[in-house]
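Only heavy atoms go into these numbers, but all of them, side chains included; no hydrogens, no water, no symmetry mates. Counting starts at 1 for both ligands and their atoms, following the listed order. For this chain, numbers begin at 1 and follow the sequence in order.
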Amino acid sequence: MTDIRTWDDFLSACENCRACPLAETRDRVVVWRGSIQAPLMFIGEGPGAEEDRRGLPFVGAAGRLLDSALEALGLTEDLIHIANIVKCRPPGNRVPAEEEAKACRPLLAAQFRFVRPRVIVLLGATAYKYFTGQKDGITKVRGQWIEKGGYAILPTLHPAYILRNGREKPHLWEDLAAARAKLEELGLAPPLEENAPSPSGG
Ligand code: URA
């Protein structure tokens with residue numbers, strides 16, 4: 001990989017990357033949305049069709065679900081950075097292969113050095129597996145904090161899974177609320193203001 005000193009160097013390295021076969025079939029390289037530096041980083045699996053077309057992560061149906069939770073929790077753009085295990089769309093939305101995740105890892109590592117998150121939310125089984133190297137089922141490990149390398153890491157369910165299994169939605173909401181609470185605990189986000197009127201009506 002070329003010498004990456006600035007965020008623009010990093011973006012060029014992503015744009016020019018041909019480290020795995022996904023480069024052959026991608027339309028756009030999908031790197032991030034949110035703030036370049038942010039206390040909370042989300043890691044998904046990989047871009048889908050809409051993301052590949054627009055060059056932004058989580059902008060399809062799953063992304064809209066994620067955004068509605070972020071909005072409800074006051075997780076504004078300055079607090080978050082959203083990325084994926086792989087930056088190029090696996091054809092047919094298949095799960096990225098181990099070699100593809102591995103080929104993408106140096107870029108994700110470089111991304112971490114710019115973003116400098118303290119809290120990381122792993123969205124779904126693929127992000128959990130490739131990020132931690134563990135093979136436990138996501139439904140078993142979701143909601144359980146992992147403290148590693150100075151990061152507080154929280155695996156949770158993938159929003160696309162929630163779209164197919166609506167009954168699981170409270171679990172995703174609960175986990176995202178826990179991530180928000182962790183940011184507050186670390187003094188990295190202001191307390192969430194309650195918009196609901198008080199009982200006195202004031
Ligand atoms: N699913 C993901 O894991 N990532 C995206 O960017 C979109 C859908």
- Item | N or O pair under 3.5 Å between Phe58 and ligand 1 | yes

- Sequence neighbours excluded - salt bridge (Lys or Arg N to Asp or Glu O under 4.0 Å) pairs with any residue from residues 52-75: Arg33-Asp67, Glu50-Arg53, Glu50-Arg54

- When you check the side-chain N and O atoms of His81 and Gln37, is any donor under 3.5 Å from an acceptor? no

- Assess the side chains of Thr76 and Asp78: does a donor N or O sit below 3.5 Å from an acceptor N or O? yes

- Quick one: do Asp136 and Lys140 make a salt bridge, cutoff under 4.0 Å? yes

- Query: Any nitrogen or oxygen of Glu51, main chain or side chain, under 3.5 Å from a nitrogen or oxygen of ligand 1?
  - Reply: no

- Message: Just to be sure I read this right, does ligand 1 sit under 4.0 Å from the backbone of Pro57, its side chain, both, or neither, counting only heavy atoms?
- Response: both

- Atom indices of ligand 1 within 4.0 angstrom of Gly44 heavy atoms, with elements: 3 (O)

- Query: With respect to Lys148, which candidate in Ile120, Thr132, Ile153 satisfies the side-chain contact (heavy atoms from CB on, under 4.5 Å) definition?
  - Reply: Ile153

- Does even one non-hydrogen atom of His158 get within less than 4.0 Å of ligand 1? yes

- So, do Leu188 and Arg118 sit near enough that their side-chain heavy atoms are less than 4.5 Å apart? yes

- Message: Is there a polar contact, in the sense of an N or O pair closer than 3.5 Å, between Gly46 and ligand 1?
- Response: yes

- Query: Do any heavy atoms of Gly60 fall under 4.0 Å from ligand 1?
  - Reply: no

- Message: Among all protein heavy atoms in this structure, tell me which lies nearest to atom 4 (N) of ligand 1, with the distance rounded to 0.1 Å.
- Response: Asn84 OD1, 2.8 Å

- Of the choices Arg33, Glu45, Lys87, which has the non-hydrogen atom that lies closest to atom 3 (O) of ligand 1? Glu45

- Determine whether the side chains of His171 and Glu168 contain a donor N or O and an acceptor N or O closer than 3.5 Å. yes

